[in-house]
Amino acid sequence: MLRPLRRAFYARSPVVVARALLGRMLVRETRAGKLAGVIVEVEAYGGARDPASHAYRGETPRNRVMFGPPGHAYVYVSYGIHHCLNVVTGRPGEASAVLVRALAAVAGEKAMARRRGVADPDRLMRGPGCVAQALGLTRAEDGADLTRGPLWIADRPADRDGRAIAAGRRIGITRAVARRWRFYLAGHPCVSAPRRTARRTKTLHR
DNA sequence: GTATCGATTAGC
DNA sequence: CTAATCGATACA
């Protein structure tokens with residue numbers, strides 16, 4: 001029987017949780033049916049110590065959930081258009097999180113393809129905005145408790161398809177760009193390889 | 001108050 | 001390369 005990962009799993013540093021999430025199955029149960037995918041790409045974000053984090057400058061209405069207990073979803077609107085799913089990690093108040101950047105679909109592909117308007121299975125959830133669109137996640141899911149349904153991550157050994165965990169720079173940020181806090185399954189077709197170099201870099205900040 | 005930037009994406 | 005579009009931030 002598949003159960004959700006318990007809160008203790010999330011109560012660790014974002015880097016540790018990020019790596020531990022690779023190969024785990026994320027499940028979203030809707031009235032229309034069950035959507036699921038294996039996590040293949042993530043990014044870690046620190047709180048007050050990480051200039052690239054939404055929590056770096058303190059609590060706001062948007063990031064409030066980050067400052068709460070771990071194991072909850074932080075869903076925000078990116079560029080006014082897309083939604084992005086994060087998992088809150090660490091101790092309450094630490095405001096660290098893991099951004100879910102890509103999944104390999106294992107259930108509900110048809111519903112995902114309909115929502116995405118895309119047929120290619122590898123492109124259903126490649127990129128954080130695509131993940132949220134395929135799963136139908138919005139600000140309504142902000143604060144959802146991942147240790148219970150209907151949005152949860154399964155307590156089952158990671159299935160990494162025999163692939164190594166690779167690390168690289170986080171995508172799309174301009175601060176603390178030196179940190180190699182993006183983790184992904186090497187060579188996986190659902191991983192979004194960075195295409196452009198990031199815009200203007202503001203801080204290296206190791 | 002106004003101006004600009006972004007943990008993005010699709011399209012030209 | 002750019003538009004899309006809004007919360008947060010920077011600044012007058």
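Just so it is clear: chains get the letters A, B, ... in the order the sequence lines come, proteins before strands, and each one is counted from 1. Note that the coordinates shown come from a computational prediction; the quantities given were computed from them, not determined experimentally.
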Would you mind reading off the distance between A:Q133 atom CD and C:dA4 atom C1', rounded to a whole angstrom? 14 Å
Pairs in or reaching into residues 57-80 of chain A: which pass salt bridge (charged side-chain N to carboxylate O under 4.0 Å, His left out), with residues at least two apart or in two chains? none
Just the rounded figure in Å: distance from P of B:dA7 to CG of A:D142. 17 Å
Out of B:dT8, B:dA7, C:dT5, which nucleotide sits closest to the side chain of A:S78? B:dT8
Quick one: side-chain hydrogen bond (donor to acceptor under 3.5 Å, both in side chains) pairs with a partner in residues 102-115 of chain A, sequence neighbours left out? none
Quick check: does any side chain N or O of A:S96 sit under 3.5 Å from a backbone N or O of A:T89, one acting as donor and the other as acceptor? yes
For DNA chain B, what residues of residues 91-102 of chain A have any heavy atom nearer than 4.0 Å? A:L99, A:R101
Considering non-hydrogen atoms only, spot the tightest contact between A:A167 and A:R180 and give its length. O-NH2, 3.1 Å
Can you tell me the distance, in whole Å, between the OH atom of A:Y76 and the C1' atom of B:dC5? 13 Å
Enumerate the residue pairs fulfilling salt bridge (charged side-chain N to carboxylate O under 4.0 Å, His left out) with a member in residues 146-159 of chain A, sequence neighbours excluded, ordered by first and then second residue. none
Whole-Å gap separating C1' (B:dA7) and CG (A:L137): 16 Å
Mind checking what makes side-chain contact (heavy atoms from CB on, under 4.5 Å) contact with A:P189, not counting sequence neighbours? A:D122, A:R163
Tell me: CD1 of A:I81 to C1' of B:dG11, nearest whole Å? 13 Å
Please determine whether residues A:L124 and A:I153 belong to a single hydrophobic cluster, defined as Ile, Leu, Val, Met, Phe, Trp and Tyr linked transitively by side-chain heavy-atom distances below 4.5 Å. yes
How does DNA chain C look in dot-bracket notation if pairs are Watson-Crick or G-U with both distances under 3.5 Å, crossing ones as [ ], other-strand ones as |? ||||.||||||.
Could you list by number each residue of residues 11-21 of chain A showing a heavy-atom separation from DNA chain B of less than 4.0 Å, or answer none if no residue does? none
Would you kindly give the CZ-to-C1' distance between A:R139 and C:dC6, to the nearest whole Å? 12 Å
Report whether A:V87 and A:V191 are members of the same hydrophobic cluster (ILVMFWY, side-chain heavy atoms less than 4.5 Å apart, transitive linking). yes
Contact check, residues 114-131 of chain A vs DNA chain B, heavy-atom distance under 4.0 Å, returns A:R116, A:G127, A:P128, A:G129, A:C130
Heavy-atom closest pair (A:P51 atom, A:A176 atom, distance to 0.1 Å) is CD-CB, 3.9 Å
Distance between C1' atoms of C:dC1 and B:dA7 (Å, rounded): 22 Å
Atom C1', compared across C:dG7 and B:dA10: separation rounded to whole Å: 22 Å
Has A:Y79 got its ring stacked on the base of C:dA4, with centres under 5.5 Å and planes less than 30° apart? no
Please list residues of residues 55-65 of chain A whose heavy atoms come under 4.0 Å from any atom in DNA chain C, ordered by number; otherwise none. A:R57, A:T60, A:P61, A:R62
Sequence neighbours left out, what pairs pass side-chain hydrogen bond (donor to acceptor under 3.5 Å, both in side chains) with at least one residue falling in residues 126-138 of chain A? A:R116-A:Q133, A:T138-A:E141
For A:L26 and A:L135, work out which heavy atoms get closest and say how close. CD2-CD1, 3.7 Å
Would you mind checking if A:R170 and A:E43 are paired as a salt bridge, meaning a charged N to carboxylate O distance below 4.0 Å? no
Within-4.5 Å side-chain heavy-atom neighbours: A:V77 and A:H83: yes
So does A:R139 have more than 12 non-hydrogen atoms from other groups sitting under 6.0 Å from CZ? yes
Among B:dT8, B:dA7, B:dG6, the one nearest any side-chain atom of A:T174 is B:dG6
With respect to the phosphate group of B:dC5, does any side-chain polar atom (N or O) of A:K202 fall under 4.0 Å of OP1 or OP2? no
Using atom P in both nucleotides, what's the gap between B:dG1 and C:dT5 to the nearest angstrom? 23 Å
Go through the structure and list residues passing ring-ring contact (aromatic ring centres under 6.0 Å, His included) with A:Y56, not counting sequence neighbours. none
OP1 or OP2 of B:dA7 versus the side-chain N and O atoms of A:H54: is any pair under 4.0 Å? yes
Using the rule that two of Ile, Leu, Val, Met, Phe, Trp, Tyr join whenever any of their side-chain heavy atoms come within less than 4.5 Å, decide whether A:I173 and A:V100 are in one cluster. no
Whole-Å distance separating the OH atom of A:Y45 from the C1' atom of B:dG6: 11 Å
Between side-chain atoms of residues 11-23 of chain A and protein atoms elsewhere (two or more places apart, or another chain), which donor-acceptor pairs fall under 3.5 Å?
{"residue": "A:R12", "atom": "NE", "partner": "A:F9", "partner atom": "O", "Å": "3.0"}
{"residue": "A:R12", "atom": "NH2", "partner": "A:F9", "partner atom": "O", "Å": "3.2"}
{"residue": "A:S13", "atom": "OG", "partner": "A:V16", "partner atom": "N", "Å": "3.2"}

